Amino acid sequence: QVQLVESGGGLVQTGGSLRLSCAASGGTFSSYAMAWFRQAPGKEREFVAVSSWSGYTYYADSVKGRCTISRDNAKTTVYLQMDSLKPEDTAVYYCAAVRKRSISSWYSANEYDYWGQGTQVTVSS
């Protein structure tokens, strides 16, 4: 079983930065695509970024240019560096994983099999 634990969330001012971490255990990390999703109160869970097993990365338009996803296979950890944060970035951020297979939509939460509990990011004005 794969377990994911997010950390690094917190309160920052507009324009600030955070680096979220997701530590994975229980699987072969390098064989999993790792993604970040977020969910604000009253809204659907939305895709943020993904790092595939082949090095492919994809970002939501809302964060492109401000966020960078990276992974350290030795540490079995995936990161999300967020810069130039805006109040609309406020949400619970979730780490997700899926083992290598045919993926039709990287941005669909239904594609992912494992989820962390989330870490809160709050961006104040």
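The first residue in the sequence is number 1, and the count goes up from there. Only heavy atoms go into these numbers, but all of them, side chains included; no hydrogens, no water, no symmetry mates. None of the values given here were measured: they were computed from a predicted structure.
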Correct closest heavy-atom pair for Leu4 and Met34 would be CD2-CE, 3.8 Å
*So, the side chain of Glu6 versus the backbone of Gln117: is there a donor-acceptor pair under 3.5 Å, distance only?*
yes
Check the angle between the aromatic planes of Tyr58 and Tyr107 and answer parallel, tilted or perpendicular using the 30° and 60° thresholds.
-> tilted
Correct closest heavy-atom pair for Val92 and Gly118 would be CG1-CA, 3.8 Å
What one should report as the nearest heavy-atom pair of Cys95 and Val78 is SG-CG1, 3.9 Å
- request: Please answer whether the main-chain N or O of Ser124 pairs with a side-chain N or O of Thr14 as donor and acceptor at a distance below 3.5 Å.
  value: yes
Original post:
Heavy atoms, side chains only, cut-off 4.5 Å: are Asp89 and Arg66 in contact?
Top reply: yes
Exactly one candidate in Tyr94, Tyr93, Phe47 meets side-chain contact (heavy atoms from CB on, under 4.5 Å) with Arg38; the answer is Tyr93
One should read off an interatomic distance between Thr119 OG1 and Leu18 CG, to the nearest 0.5 angstrom, of 8.5 Å
So does Val123 get a backbone contact from the side chain of Thr90, meaning a donor-acceptor N/O pair under 3.5 Å? yes
| query | For Lys100, does its backbone N or O pair with a side-chain atom of Ser31 as donor and acceptor, under 3.5 Å? | reply | no
Review point. Shared ILVMFWY cluster between Val50 and Trp36, side chains joined below 4.5 angstrom?
Key: no
Quiz item: Are Tyr79 and Ile69 linked, directly or through other ILVMFWY residues, by side chains that come within less than 4.5 angstrom of each other?
Solution: no
Residues 23-82 vs disulfide bond (SG atoms under 2.5 Å apart), sequence neighbours excluded, gives none
Once the angle between the rings of Trp115 and Tyr112 is folded into 0 to 90°, is it parallel (under 30°), tilted (30 to 60°) or perpendicular (over 60°)?
-> perpendicular
Check for me whether Arg45 meets the cation-pi criterion with Phe37, that is, NZ or CZ under 6.0 Å from the six-membered ring centre and within 45 degrees of the ring axis.
no
Here the gap from Trp106 atom CH2 to Ser52 atom OG, rounded to the nearest 0.5 Å, amounts to 5.0 Å
(request) Using atom types as modelled and distance alone, determine if a side-chain donor or acceptor of Arg71 lies under 3.5 Å from a backbone N or O of Phe29. (result) yes
Value for OG1 (Thr77) from CG (Leu20), rounded to nearest 0.5 Å, stands at 12.5 Å
Sorted by chain and residue number, the salt bridge (Lys or Arg N to Asp or Glu O under 4.0 Å) partners of Glu111 (sequence neighbours excluded) come out as Arg101
Worksheet item: Are Tyr56 and Trp53 connected in the hydrophobic side-chain network, where two residues link if heavy atoms are under 4.5 Å apart?
Response: yes
Less than 4.5 Å apart, any side-chain heavy atom of Asp83 and any of Ser17?
yes
Answer yes or no: are there more than 12 heavy-atom neighbours, outside Glu44 itself, under 6.0 Å from its atom CD? no
Rounded to the nearest 0.5 Å, the OG atom of Ser51 sits from the OH atom of Tyr32 at a distance of 15.0 Å
Item checked: Thr122 vs Gln120 side-chain heavy atoms within contact, under 4.5 Å -> yes
